[in-house]
Amino acid sequence: MFVYEEYMREEMFPLIWCKGCGNGIITKSILRAIDRLKIQKDDVAMVSGIGCAGRLPGYVDFNTLHTTHGRPLAFATGVKLARPELKVIVITGDGDGLAIGGNHFIHACRRNIDVTCILFNNATYGMTGGQVAPTTPMGMWASTMPYGQMEPSFDACKLAEAAGASFVARGTTYHAVALEKLIVEAIQHPGFSFLEVITDCPEIYGRKNKLGDPADMLLAQKDKVVPIDQQGRYTPEQLAGKVFTKILHKHEATEYTARYQQLIDRVKVEGNGHAL
Amino acid sequence: MFVYEEYMREEMFPLIWCKGCGNGIITKSILRAIDRLKIQKDDVAMVSGIGCAGRLPGYVDFNTLHTTHGRPLAFATGVKLARPELKVIVITGDGDGLAIGGNHFIHACRRNIDVTCILFNNATYGMTGGQVAPTTPMGMWASTMPYGQMEPSFDACKLAEAAGASFVARGTTYHAVALEKLIVEAIQHPGFSFLEVITDCPEIYGRKNKLGDPADMLLAQKDKVVPIDQQGRYTPEQLAGKVFTKILHKHEATEYTARYQQLIDRVKVEGNGHAL
Amino acid sequence: MRYEARLSGEGGQGLILAGVILAEAVGIYDGKNVTQSQSYGPESRGGKSKSEVIISDDEIDYPKATRVDLLLSLTQESCNEYVKDLKEEGHLIVDATYVPSIPPGSFQVYQVPMIQIAREEIGKEIVANIVALGVITEISGIVTREAIKKAVLARVPKGTEALNTRALEA
Amino acid sequence: MRYEARLSGEGGQGLILAGVILAEAVGIYDGKNVTQSQSYGPESRGGKSKSEVIISDDEIDYPKATRVDLLLSLTQESCNEYVKDLKEEGHLIVDATYVPSIPPGSFQVYQVPMIQIAREEIGKEIVANIVALGVITEISGIVTREAIKKAVLARVPKGTEALNTRALEA
Amino acid sequence: MGAVAAGCRFFAGYPITPSSEIAEQLAALLPTLGGKFIQMEDEIASMAAIIGASLVGKKVLTATSGPGFSLKQENLGFAALAEVPCVIVNVMRGGPSTGLPTSPAQSDVMQARWGTHGDHPVIALTPGTVTEIYTETIRAFNLAEKYRVPVILLFDEILGHMREKVEIPLPGEYEIVDRKQPTCSPDEYVPYGPTDDDVPVLANFGEGYRYHITGLMHDEHGLPTEKPAIVQALQDRLKRKIDRHLDDILSTESFLTDDAEVAVFAIGSTARSARGAVREARDLGIRAGLLRPRTLWPFPEKDVAALGERVRTIVVAEMNMGQLIYEVERAVHGKTRVLPCLKADGEPIPPSQILSAIKEG
Amino acid sequence: MGAVAAGCRFFAGYPITPSSEIAEQLAALLPTLGGKFIQMEDEIASMAAIIGASLVGKKVLTATSGPGFSLKQENLGFAALAEVPCVIVNVMRGGPSTGLPTSPAQSDVMQARWGTHGDHPVIALTPGTVTEIYTETIRAFNLAEKYRVPVILLFDEILGHMREKVEIPLPGEYEIVDRKQPTCSPDEYVPYGPTDDDVPVLANFGEGYRYHITGLMHDEHGLPTEKPAIVQALQDRLKRKIDRHLDDILSTESFLTDDAEVAVFAIGSTARSARGAVREARDLGIRAGLLRPRTLWPFPEKDVAALGERVRTIVVAEMNMGQLIYEVERAVHGKTRVLPCLKADGEPIPPSQILSAIKEG
Amino acid sequence: MTMAESKEAQKPKVKRKEIAVININEEWCKGCDICVQICAKDCLRLNKWSKVEIIDLEACNKCMLCEILCPDFAITVR
Amino acid sequence: MTMAESKEAQKPKVKRKEIAVININEEWCKGCDICVQICAKDCLRLNKWSKVEIIDLEACNKCMLCEILCPDFAITVR
Ligand SMILES: Cc1ncc(C[n+]2csc(CCOP(=O)(O)OP(=O)(O)O)c2C)c(N)n1
Ligand SMILES: Cc1ncc(C[n+]2csc(CCOP(=O)(O)OP(=O)(O)O)c2C)c(N)n1
Ligand code: SF4
Ligand code: SF4
Ligand code: SF4
Ligand code: SF4
Ligand code: SF4
Ligand code: SF4
Ligand SMILES: [Mg+2]
Ligand SMILES: [Mg+2]
């Protein structure tokens with residue numbers, strides 16, 4: 001029987017995250033997904049950047065690496081290329097992954113290295129106190145947009161696809177069971193897989209934007225999304241302002257470490273390279 | 001009558017670029033376009049990064065700023081936001097703009113600030129001697145891909161569009177007159193405009209990949225591209241492997257400095273802010 | 001004379017603001033030397049939070065508390081951690097609901113259900129910090145009621161003045 | 001005895017490789033002390049290019065030329081710039097086509113149409129550097145023909161050996 | 001805020017604890033004054049954006065902390081070489097790496113001097129009171145404008161987040177310096193041409209003087225060059241424009257050093273503890289004193305050397321593992337004993353720790 | 001190449017003149033040995049990637065020059081704090097900023113010590129011959145593995161691009177050090193637990209020992225902490241693991257210093273000029289000598305101090321505006337006159353310039 | 001962990017559904033109220049210390065929503 | 001700049017097209033051969049110093065391609 005404890009560093013609990021923060025819901029979904037996939041804990045490397053989301057790896061019992069702000073995908077690329085047997089999962093925030101880390105993001109998508117990147121989109125910089133993120137919707141309050149967000153925001157999934165990602169999906173914390181399934185599929189995908197999770201920061205973003213208590217915010221997610229395979233059921237008016245969930249794009253392409261291995265097989269020579 | 005000399009810093013000539021390098025062709029197209037637009041030289045700020053392309057501003061008689069590798073869009077954002085009257089043109093290479101500068105690129109697209117970004121895509125790092133670029137096609141030689149490029153490459157225009165750019169176009173040095181027109185339209189566009197120019201590096205990329213002399217390379221461009229408005233004339237087989245030129249995407253959106261000015265008009269108070 | 005007050009709890013309880021208000025009350029409205037400083041948990045939200053106010057007749061060199069005259073704790077964790085610097089005979093003010101166990105020591109303990117008062121009497125848990133200021137004013141005597149009231153009103157958002165005055169006097 | 005050779009021209013003419021070959025010829029095949037160093041124009045391609053080979057019976061501390069015994073120039077620009085360090089009675093070897101004006105000075109001048117030879121006789125302008133090595137070998141006497149031939153063959157791409165041997169001997 | 005009083009009208013930044021509050025305040029304030037605030041995609045871009053804005057004539061500011069300060073270094077070097085006035089606040093926190101993000105430290109002091117590659121002129125100020133945060137910020141802008149250098153304001157988290165009575169000077173009570181602008185015609189204009197004070201007169205972009213700015217070594221027209229003589233002259237001038245004006249740039253506070261036998265050398269909030277410790281030492285009959293630089297870089301060598309001649313021991317108190325102590329050791333040329341008084345655990349140095357060191361001295 | 005001989009099997013980099021050749025050679029070579037080469041999107045990513053690869057057990061290298069070195073600083077600090085072995089080559093070129101991209105310089109020497117924020121342990125080596133480029137590279141990997149620190153190899157462009165006769169040691173003639181790995185069972189494993197040599201035994205990722213690595217201050221389990229006592233203990237240990245092993249880490253060459261009256265202090269290619277100048281000075285009857293560190297950081301304080309006791313003057317020759325001279329001045333404690341011999345114009349310092357300085361000394 | 005296996009679990013029921021076993025970890029519960037509001041059967045509420053408590057175990061239909069959506073690993077249903 | 005206004009420009013012609021004025025800047029020309037190969041009228045060639053020279057001015061139809069595609073600002077046609 002599945003028990004979370006199996007995958008937890010219990011000594012680190014309770015979680016540092018605020019009351020009602022969606023990060024815990026995603027954490028649990030990830031653990032259930034890994035359990036379903038029956039991957040050995042020793043074979044998982046989880047790499048994160050800095051931010052509330054970035055704290056996740058500290059709580060779970062894998063090979064965990066909490067790097068610098070914006071850089072987890074670059075660290076993960078090193079981990080994966082150097083030891084392709086590892087399942088590498090990157091945990092990043094919308095600031096970490098799309099603001100300071102945007103370049104590593106598009107290049108990881110392009111390179112198609114077999115890393116699963118899970119982006120926690122809470123529309124804000126939680127850890128540092130509610131500054132504007134590249135995902136903050138127009139008009140919303142942020143501590144550095146005190147008159148309301150003035151910049152258009154990214155659609156992370158579109159960006160990932162245009163950059164070349166071979167698996168792109170979106171889930172929500174509210175649909176946590178569906179999320180678990182998406183995580184399973186993302187990890188199974190051979191190549192770079194990107195999964196954006198819509199989550200809530202009730203403590204700062206929610207409070208300052210008067211979005212109600214954690215449960216209100218969670219329930220409100222329902223009305224923001226449409227599963228892409230059900231878009232036919234909606235009129236264009238109904239679809240306006242909604243975002244699609246589930247797998248949004250998938251294509252087959254040779255994975256990067258596999259391609260590199262082919263190169264090695266082709267050019268490898270004997271010896272230790274002395275005096276070359 | 002138009003004379004290039006009007007816009008040149010003749011003391012800097014001859015150009016540093018190698019024999020037959022496409023950069024000079026683009027430079028001339030830009031000067032003709034600016035002349036056609038009748039913009040005062042004092043009102044143009046040209047900002048570049050590091051690379052062969054980045055050397056352009058040194059040769060032309062505007063307010064010119066040769067910044068650090070990958071960062072011209074970030075510098076340009078400061079210039080434009082601080083003095084919106086200036087026409088700001090960014091000159092960048094495919095390495096400068098898409099490798100190290102990829103993050104500034106997607107964010108400038110998103111922000112929709114009225115800057116015209118002209119990216120010189122020569123499929124390589126010219127200045128540093130032919131290392132692989134994120135635009136190098138699969139299989140081609142590069143000094144850091146001695147066994148042939150192994151990574152998929154970016155479609156810069158797709159990326160720009162997905163990131164939010166409100167004007168996206170592609171031209172070639174071979175079609176230099178069409179290029180001039182695209183530059184005119186890009187500069188006229190109120191908002192962020194992105195123009196990718198397919199150009200040649202005969203000295204390194206051409207020589208090492210045995211693509212013939214500069215004229216051969218230039219002529220070969222003809223067969224690589226299809227104007228997007230003429231795609232109907234081609235069969236899918238004929239279109240395979242080709243890239244589209246001309247304006248690929250355009251949408252209307254409030255420009256960033258204009259939006260900021262609206263904010264100022266709304267909140268401005270008198271006084272010098274002493275003791276605030 | 002140097003008087004050290006430490007306000008502790010967790011991020012989001014408004015203790016830093018409370019410290020600032022207390023300092024302004026003492027400094028601007030009561031006209032003494034005062035410094036206020038603070039520290040947080042990881043990065044800047046959530047976690048432990050601590051705000052310190054030093055009041056003195058002399059110039060204040062060191063703005064951190066070392067021998068605390070008054071400790072306010074709204075959480076058990078912060079109470080346990082910060083009580084060690086409390087002077088003998090110092091004042092310990094704790095939230096009666098959230099700090100069930102009082103650490104041993106020879107200080108004067110005041111258990112006030114400040115959060116409950118804020119929630120139930122004022123209707124907004126978030127003004128517990130202002131309720132606490134009221135309590136501190138009464139117990140410490142280090143600041144006048146007048147001054148604290150002016151300082152609160154100067155700092156809180158427009159439209160919440162009445163709410164906050166009620167909280168202060170609760 | 002310290003002998004300094006400087007090979008100059010522009011990026012893409014293969015002068016650095018020529019310097020390396022000369023150094024290897026002298027060092028590996030003729031067994032003397034030798035260093036080779038170089039400098040470029042902006043970043044690393046195009047522009048001025050300079051390659052220096054120092055040959056000495058003693059250990060070589062300073063690997064840069066200061067009093068040049070032999071200067072090879074394939075462009076007018078490089079000739080003008082680098083001739084200043086040429087010793088009295090030093091050898092100046094210039095490309096007859098591309099260096100039309102010889103700077104004044106008391107040195108021995110050799111005008112050889114090396115690039116033309118490469119283009120017309122060998123059929124590849126790109127081997128002008130190897131042609132130049134042949135000329136240097138003849139004029140300087142600092143390296144044996146044997147050694148330079150071995151060194152060239154060890155360095156050039158497979159399949160171009162014949163071409164390069166012809167260039168050397170052209 | 002001091003920045004605004006000094007004329008700052010452009011801020012670009014990227015959030016990082018504990019510096020974000022500066023950005024947050026300016027985000028609200030600047031547009032009310034017709035100024036501009038922008039949060040860029042990272043610290044590299046922030047530094048780039050302020051340089052761009054400075055070149056069109058704005059007084060510019062960015063603020064960050066340790067990790068962000070590391071990222072700004074490359075473009076900071078650009079500003080130093082291209083001579084672009086700008087002010088960079090680093091609210092120091094515990095390092096290295098993410099370290100202790102919310103704890104005070106003084107461990108970026110050497111980085112402020114040597115953080116970017118290559119030789120470069122730099123000025124760094126270290127205010128010690130909340131009032132000085134205001135007045136030294138004004139001074140930072142003035143120095144940046146006057147000498148066309150990046151000026152670094154090193155705050156520590158304690159001062160950054162502390163409140164105390166401040167004496168804010170009224171406008172008119174402080175000097176505001178604006179950068180020189182050309183008076184000649186555009187035809188005669190030579191951007192990096194020689195000047196009396198070694199500071200070039202760079203026209204604001206868009207005002208009729210067109211010229212070139214580059215991060216390459218350049219000649220007096222701003223155009224790239226590799227000519228050794230021109231390069232060396234540029235390097236020498238960059239150094240000289242600071243060295244010549246030390247009298248104007250340096251600022252130190254001495255507290256009871258005249259008759260001191262033991263002196264403490266400390267900056268920022270540590271100097272506050274030190275002052276307390278010095279007072280206590282005096283109470284105990286030890287003739288202690290304090291030297292506190294407000295300008296940390298260029299280093300106040302002469303003041304330290306002079307102090308070294310007088311006292312028996314200098315205690316260097318700093319919230320790090322020992323950085324400024326190297327500079328003090330160097331400056332005293334073996335004339336005095338130099339003792340460390342260090343702490344790098346995220347807590348400020350209390351007066352008691354410094355007092356012990358004074359007693360040892 | 002030395003790196004490969006030392007066991008390097010992973011390289012991540014971003015091109016920059018004059019370091020790109022290292023990358024180009026390894027791009028061809030590594031896959032033939034089953035190793036991996038990757039060109040990342042920038043220098044920040046390159047530094048990140050090698051840290052990631054090191055954590056799974058590879059010996060890793062990156063190579064860059066000035067501007068790229070500035071960009072690597074943040075993650076270099078991460079490697080220092082998290083104790084990840086890695087080697088970083090900086091082929092120094094003229095700075096600041098883009099500067100003189102193809103000219104030699106030695107102006108990043110202080111940055112190598114202080115470039116990242118916060119206190120951090122660091123080792124930097126400065127080879128002086130082409131042979132040493134090989135042997136010191138091997139030593140760099142050995143030190144990185146042994147002490148789990150980033151080791152910086154500072155080349156200057158001259159040595160980087162120079163060819164001379166090299167004496168390459170045969171395998172077996174040099175020692176190869178591999179990092180320690182745990183011998184206990186995973187249950188008993190404490191990654192940052194105490195060890196005899198102060199160097200933690202960190203298991204390679206994926207080999208059955210699961211633990212946490214962070215750039216935050218951490219306890220012996222690698223988990224984040226803010227407890228002052230634990231933080232201070234970590235900071236102390238990081239410093240101690242270098243300080244305790246100076247004998248093993250330091251390496252200097254003395255040339256004719258025994259009876260010298262005037263000594264030159266120089267690194268890298270400048271030391272070659274200096275050696276020539278010393279020889280010429282001896283020919284002129286001046287008793288000159290040369291001290292050349294192969295390990296620049298930690299600084300060879302004792303050797304310099306001892307030299308300072310003996311000689312009348314130390315000439316510090318460096319291709320910059322004066323950086324190492326500060327360290328030498330500090331180390332001699334006023335016992336010796338210290339004279340600069342500087343050049344920062346893109347050309348190497350010729351022996352004649354150093355000879356003049358020696359004559360002055 | 002506080003076990004909340006209610007005594008009432010023994011009572012015979014009309015519908016023969018198994019009574020749930022709900023575990024609540026008070027140390028970890030932050031009182032976010034998500035489980036309370038999400039529960040369609042109104043089985044849960046917050047107590048005065050803002051910790052969750054069970055008010056109607058029998059009503060629980062083991063939909064698992066509270067467990068899946070609790071961010072703090074503080075409630076499990078078996 | 002070398003002016004190449006050919007003497008032959010004076011000759012009377014059957015087609016009354018204006019003879020072109022082609023300017024070549026030898027200092028800037030790098031001999032890339034683009035203009036030579038692009039010219040449909042074979043008006044140009046490289047000389048032995050790899051600089052462009054005019055071989056048939058009369059044939060020039062002022063299509064401007066050489067000017068527009070010369071990367072080095074070395075040839076203009078009026
Ligand atoms: C180089 C650097 N810049 C800035 C920071 C400060 N910082 C820490 S977390 C963060 C943003 C967090 O936002 P996000 O990635 O969306 O994560 P969240 O907290 O919302 O989960 C920032 C800016 C840092 N640690 N390092
Ligand atoms: C921070 C930094 N990294 C690397 C370099 C070295 N560098 C100079 S130009 C260049 C790439 C040039 O490629 P691209 O942008 O495509 O321009 P091109 O030369 O091809 O026009 C690189 C890597 C640098 N100057 N600064
Ligand atoms: S600040 Fe927001 S994102 Fe961060 S832990 Fe709190 S609720 Fe979650
Ligand atoms: S290297 Fe290539 S891109 Fe650069 S100037 Fe030469 S031909 Fe042009
Ligand atoms: S399992 Fe379902 S019904 Fe039972 S308590 Fe939880 S939410 Fe309510
Ligand atoms: S969802 Fe979890 S944390 Fe929230 S109230 Fe319920 S049990 Fe407590
Ligand atoms: S204008 Fe046309 S026809 Fe005339 S020379 Fe040029 S390319 Fe030839
Ligand atoms: S195109 Fe220009 S540079 Fe090339 S050969 Fe013709 S004139 Fe000369
Ligand atoms: Mg976020
Ligand atoms: Mg390119």
Side-chain angles (χ1 to χ4, degrees), chain C residues 2 4-7 10-11 15-68 81-82 84-85 147 151 154-155 157, chain E residues 15-21 23-24 65-67 91 93-94 98-105 128-131 156-167 255 264 266 268-280 290 292 317 319 343 346-355:
Chain C
R2 178 175 169 116
E4 303 187 348
R6 177 182 282 169
L7 283 44
E10 62 188 26
L15 292 167
I16 301 211
L17 180 61
V20 172
I21 293 174
L22 178 58
E24 290 180 347
V26 176
I28 306 180
Y29 303 104
D30 279 351
K32 296 185 199 157
N33 286 312
V34 61
T35 65
Q36 183 274 333
S37 69
Q38 56 206 263
S39 73
Y40 312 90
E43 297 279 337
S44 84
R45 46 100 241 118
K48 277 182 319 188
S49 166
K50 179 174 81 170
S51 175
E52 294 180 341
V53 178
I54 313 291
I55 300 159
S56 175
D57 299 332
D58 305 322
E59 220 180 291
I60 301 168
D61 297 318
Y62 187 62
K64 296 276 168 178
T66 46
R67 301 194 55 237
V68 176
E81 175 151 1
Y82 296 126
K84 65 180 187 301
D85 301 322
R155 274 283 174 181
Chain E
I16 184 165
T17 307
S19 79
S20 308
E21 281 164 41
E24 290 164 0
S65 298
V91 185
R93 64 185 218 183
T98 316
L100 289 172
T102 57
S103 300
T129 64
V130 178
T131 302
D156 48 53
E157 190 268 353
I158 300 175
L159 282 176
H161 277 140
M162 181 177 140
R163 268 136 189 127
E164 67 180 342
K165 242 191 236 172
V166 294
E167 285 157 35
F255 175 66
V264 184
S269 66
T270 303
R272 299 179 73 113
S273 296
R275 185 189 293 261
V278 165
R279 284 209 181 99
E280 288 179 46
L290 167 69
R292 173 175 79 87
M319 280 190 273
K343 198 165 175 8
E347 302 270 307
I349 306 184
S352 56
Q353 186 182 345
I354 301 176
L355 184 61

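Nothing here was measured: the structure is a model prediction, and the numbers come from that model. In what follows, chains are A, B, ... by sequence order, proteins preceding strands, each numbered from 1.
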| How far does CD1 of Ile158(E) sit from CD of Glu52(C), to the nearest 0.5 angstrom? | 10.0 Å
| task | Output all residues satisfying side chain to side chain donor-acceptor pair (under 3.5 Å) with Arg275(E), sequence neighbours left out; order by chain, then residue number. | result | Glu253(E)
| query | Should Val34(C) and Lys165(E) be marked as a side chain to side chain contact (heavy atoms under 4.5 Å, CB included) after you check the CA-CA gap, both sets of side-chain angles, and the distance that decides it? | reply | CA-CA 7 Å; Val34(C) 61; Lys165(E) 242 191 236 172; 5.7 Å; no
| field | Which residues share a side chain to side chain contact (heavy atoms under 4.5 Å, CB included) with Ala266(E), sequence neighbours left out | value | Val264(E), Thr270(E), Ala271(E), Ala274(E), Leu290(E), Ala317(E)
| Which of residues 57-64 of chain C have a heavy atom under 4.5 Å from any heavy atom of chain E? | Glu59(C), Ile60(C), Asp61(C), Tyr62(C), Pro63(C), Lys64(C)
| Residue Leu159(E) versus chain C: region with a heavy atom under 4.5 Å | neither
| Less than 4.5 Å apart, any side-chain heavy atom of Arg163(E) and any of Thr35(C)? | no
| field | Region of Glu157(E) in contact with chain C, defined by heavy-atom distances below 4.5 Å | value | side chain
| said: If you count heavy-atom pairs within less than 4.5 Å of chain C, which of Thr129(E), Val130(E), Ile349(E) leads? | reply: Ile349(E)
| message | Strictly less than 4.5 Å between heavy atoms, which residues of residues 22-31 of chain C line up against chain E? Please order them by number. | response | Gly27(C), Gly31(C)
| query | So, the side chain of Glu164(E) versus the backbone of Gln36(C): is there a donor-acceptor pair under 3.5 Å, distance only? | reply | no
